[in-house]
Amino acid sequence: MTASHYLEGQILIAMPGIGDPRFDRSLIFMCAHSKSGAMGIIVNKTAPMMFFSDLVDQLKIVPSDEIRGLAPPVLNLPVLFGGPVEQFRGFVLHSTDYLSDTTSLPINDSVALTATVEILQAIARGNGPGKVMLALGYSGWGPGQLEDEIARNAWLTAPADVEVIFETPVEQRLARAFGLLGI
């Protein structure tokens, strides 16, 4: 990882005075960061009344006769609000035990990002990644924008913890991230 990619695989924690209600109390997993800009997924805000079962049905991910056979934990996976950019586009943040050569973006040794219907089908059929987080939309910054926000103390940066991202209940993730920093 070069110095210009230093935030990839890290987390951003919104500081109380961030000044943008879209990011108030947000915890963002950073997927990409370069001199061209940055991209991340908010991991602690659910999309209102949206679950994986809704996506399965709306997108016809599996035939309707197969839906009844899906395990309740899969159907009840929450869909998160990943950020204000492209809010109708889906993203899957997941463990690296599932990688597509052409569509997965490995972020670090533990986490990858994929945005295809194929991964949703694999999840529905039980042969997807072991750890999964679904999101609609993403958070994005233009060249130098995120660095400027960090310099103005809008964000606190920290190493990401896979347990916080995937295994902690959504509503507890921000507090756990602060706790890891001793705050």
Could you state whether [X] and [Y] fall into the same hydrophobic cluster, counting links through intermediate Ile, Leu, Val, Met, Phe, Trp or Tyr residues with side-chain heavy atoms under 4.5 angstrom apart?
{"X": "V164", "Y": "V170", "result": "yes"}
{"X": "L113", "Y": "L99", "result": "no"}
{"X": "V117", "Y": "L77", "result": "no"}

Side-chain donor/acceptor of [X] to backbone N/O of [Y], under 3.5 Å:
{"X": "N44", "Y": "R173", "value": "no"}
{"X": "Q145", "Y": "G142", "value": "yes"}
{"X": "E8", "Y": "H33", "value": "yes"}
{"X": "S110", "Y": "T96", "value": "no"}

Ignoring hydrogens and angles, state whether a donor on the side chain of T114 or S104 is under 3.5 Å from an acceptor on the partner side chain. yes
Which pairs with one or both residues in residues 21-30 pass salt bridge (charged side-chain N to carboxylate O under 4.0 Å, His left out), sequence neighbours excluded? D20-R22
Scan residues 92-108 for pairs that pass salt bridge (charged side-chain N to carboxylate O under 4.0 Å, His left out), counting only residues two or more places apart or in two chains. none
Enter the distance from [X]:[atom1] to [Y]:[atom2] here, rounded to the nearest 0.5 Å.
{"X": "E147", "Y": "L7", "atom1": "CD", "atom2": "CG", "result": "7.0 Å"}
{"X": "L27", "Y": "I41", "atom1": "CG", "atom2": "CD1", "result": "12.0 Å"}
{"X": "S139", "Y": "L12", "atom1": "OG", "atom2": "CG", "result": "8.5 Å"}
{"X": "L93", "Y": "I165", "atom1": "CG", "atom2": "CD1", "result": "7.0 Å"}
{"X": "I107", "Y": "M39", "atom1": "CD1", "atom2": "CE", "result": "7.5 Å"}
{"X": "I28", "Y": "M30", "atom1": "CD1", "atom2": "CE", "result": "7.0 Å"}

Criterion side-chain contact (heavy atoms from CB on, under 4.5 Å) on T103 and E118, from CA distance to verdict: CA-CA 10 Å; T103 61; E118 288 78 22; 5.7 Å; no
Solution key, residues 175-183 side-chain donor-acceptor pairs under 3.5 Å, sequence neighbours excluded:
| from | atom 1 | to | atom 2 | distance (Å) |
| --- | --- | --- | --- | --- |
| R176 | NH1 | T168 | OG1 | 3.0 |
| R176 | NH2 | E163 | OE2 | 3.3 |

Is there a side-chain contact (heavy atoms from CB on, under 4.5 Å) between F81 and M50 once you walk through the steps? CA-CA 10 Å; F81 167 71; M50 177 75 72; over 6 Å; no
Is the shortest heavy-atom distance from the side chain of [X] to the side chain of [Y] under 4.5 Å?
{"X": "R89", "Y": "L136", "value": "no"}
{"X": "F52", "Y": "L120", "value": "yes"}
{"X": "P129", "Y": "I123", "value": "yes"}

For the student: nearest non-hydrogen atoms of [X] and [Y], plus distance:
{"X": "L105", "Y": "C31", "value": "CD2-O, 4.1 Å"}
{"X": "A154", "Y": "I18", "value": "O-CD1, 3.7 Å"}
{"X": "N108", "Y": "G9", "value": "ND2-CA, 3.9 Å"}
{"X": "A115", "Y": "G90", "value": "CB-O, 3.4 Å"}

Mark yes when over 12 heavy atoms from residues, nucleotides or ligands other than N127 sit less than 6.0 Å from its CG; otherwise mark no. yes
Just grab all the ring-ring contact (aromatic ring centres under 6.0 Å, His included) pairs involving residues 140-168, residues at least two apart or on different chains. F23-W155
Partners meeting ring pair (Phe, Tyr, Trp, His ring centres under 6.0 Å) with F91 (sequence neighbours left out): Y138
Ring pair (Phe, Tyr, Trp, His ring centres under 6.0 Å) involving Y98 - partner list, sequence neighbours excluded: H94
side-chain contact (heavy atoms from CB on, under 4.5 Å), that's the test. Do I13 and L174 meet it? Break it down for me. CA-CA 8 Å; I13 302 171; L174 183 63; 3.7 Å; yes
Applying side-chain contact (heavy atoms from CB on, under 4.5 Å) to L80 and I42, what does each step give before you reach the verdict? CA-CA 8 Å; L80 302 184; I42 297 174; over 6 Å; no
